[in-house]
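To keep things clear, I will list the structure first and then write my remarks on it.
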Amino acid sequence: MKIKFWGTRGSIATPLPDRMKYGGDTSCVEIITHEHREIILDAGTGIRRLGEAVMGRKATCKGGALLLSHLHWDHIQGFPFFIPIYDPHFTWQVYGPYRIDQTLEDRLKKQMSDLFFPVILEEVSSTLEFIGVVEEEFHLGKTRVIPRFQNHPQGSYGYRIEDGGKSVAYMTDIEHPDDQVPEETRTLAKDADLLIFDAQYTPEEYVKHIGWGHSTWVTACQIAKACNVKQLVLFHHDPGHDDDFIDDMVDKAREMFPNTIAASRDLEIEL
Ligand SMILES: [Zn+2]
Ligand SMILES: [Zn+2]
């Protein structure tokens, strides 16, 4: 499978020259499976540029699956700007956390309502199918997806994606303990070829942000080690961290887990 990072930033976009190496767009990661299926992880502002790329591939792409970790702004803000939702050529399966009180569709209708946006969700011309995610695995073609609930304000889902004998764990917006590895974490990350993990904070910053729903690069390294992953990608960069700061985090992280990189703008990885 092929993985591309269109959005790497947490919380809010940072279009600043000293943050362009690691990227200013919020969370959006694209996976193209060995069957050439399109899977998109989160619809942060990075999905706008991905949408342009998808439009250029219309001859071979008829849509795909959008897997939302949760519906905080930085994970959905690009959705109304994802041009392929306005084209009847495409069908998109939108997966996101199930809630008993409101469907996923109703929640996204609030984002694209006339209170906040000129186009309402009912007006988009692609076919959209909404699927509430619970802790039950599902398949997209021959690709297996395992979702697990994560500790985050209002919750989030991490996804393990197994495709063509390789595996990626996408674990963002998770406040993870650094002294234990619960069963859910093992289910997602065990022996993964790639672990994309929330590393928003340094340990010093974390103590001032307990309960905010994010982890540190130290925790990311500990999970990578404990779960025997092959490569770690630090993700969901804090908007206050410039490129030099993240370079420094990566250097420190490599002392704990050598095969570590930080997600950067347009980074591509093939497994
Ligand atoms: Zn986030
Ligand atoms: Zn969040």
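For ligands, and for the atoms within them, numbers begin at 1 and follow the listed sequence. Quick note: numbers below take in every heavy atom, side chains included, and nothing from hydrogens, waters or symmetry partners.
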Closer than 2.8 Å to the Zn ion (ligand 2), do we get an N, O or S atom from His75, backbone or side chain?
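So His75 does not count as coordinating the Zn ion (ligand 2).
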Confirm or rule out an N/O/S atom of Asp173, from backbone or side chain, lying less than 2.8 Å from the Zn ion (ligand 2).
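It does: Asp173 brings an N, O or S atom closer than 2.8 Å to the Zn ion (ligand 2).
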Are Glu38 and Arg57 within salt-bridge range, i.e. N to O under 4.0 Å?
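Salt bridge between Glu38 and Arg57, a charged N being under 4.0 Å from a carboxylate O: yes.
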Would you call Glu162-Lys166 a salt bridge at under 4.0 Å N-O?
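Salt bridge: no.
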Assert yes or no for the condition that the ring centre distance of His176 to His152 is strictly below 6.0 Å.
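So the answer is no for these two rings.
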Without hydrogens or angle criteria, can the side chains of Arg19 and Thr14 be said to hold a donor-acceptor pair below 3.5 Å?
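No, no side-chain donor-acceptor pair sits under 3.5 Å.
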Proximal heteroatom of His72 relative to the Zn ion (ligand 2) (N/O/S)
ND1
Within less than 2.8 Å of the Zn ion (ligand 1), any N, O or S from Asp198?
no
Would you name the N/O/S atom of Asp74 that lies closest to the Zn ion (ligand 1)?
OD2
Relative to the Zn ion (ligand 1), which of the N, O or S atoms in His236 is the closest?
NE2
ring-ring contact (aromatic ring centres under 6.0 Å, His included) with His214: which of His237, His209, His236?
His236
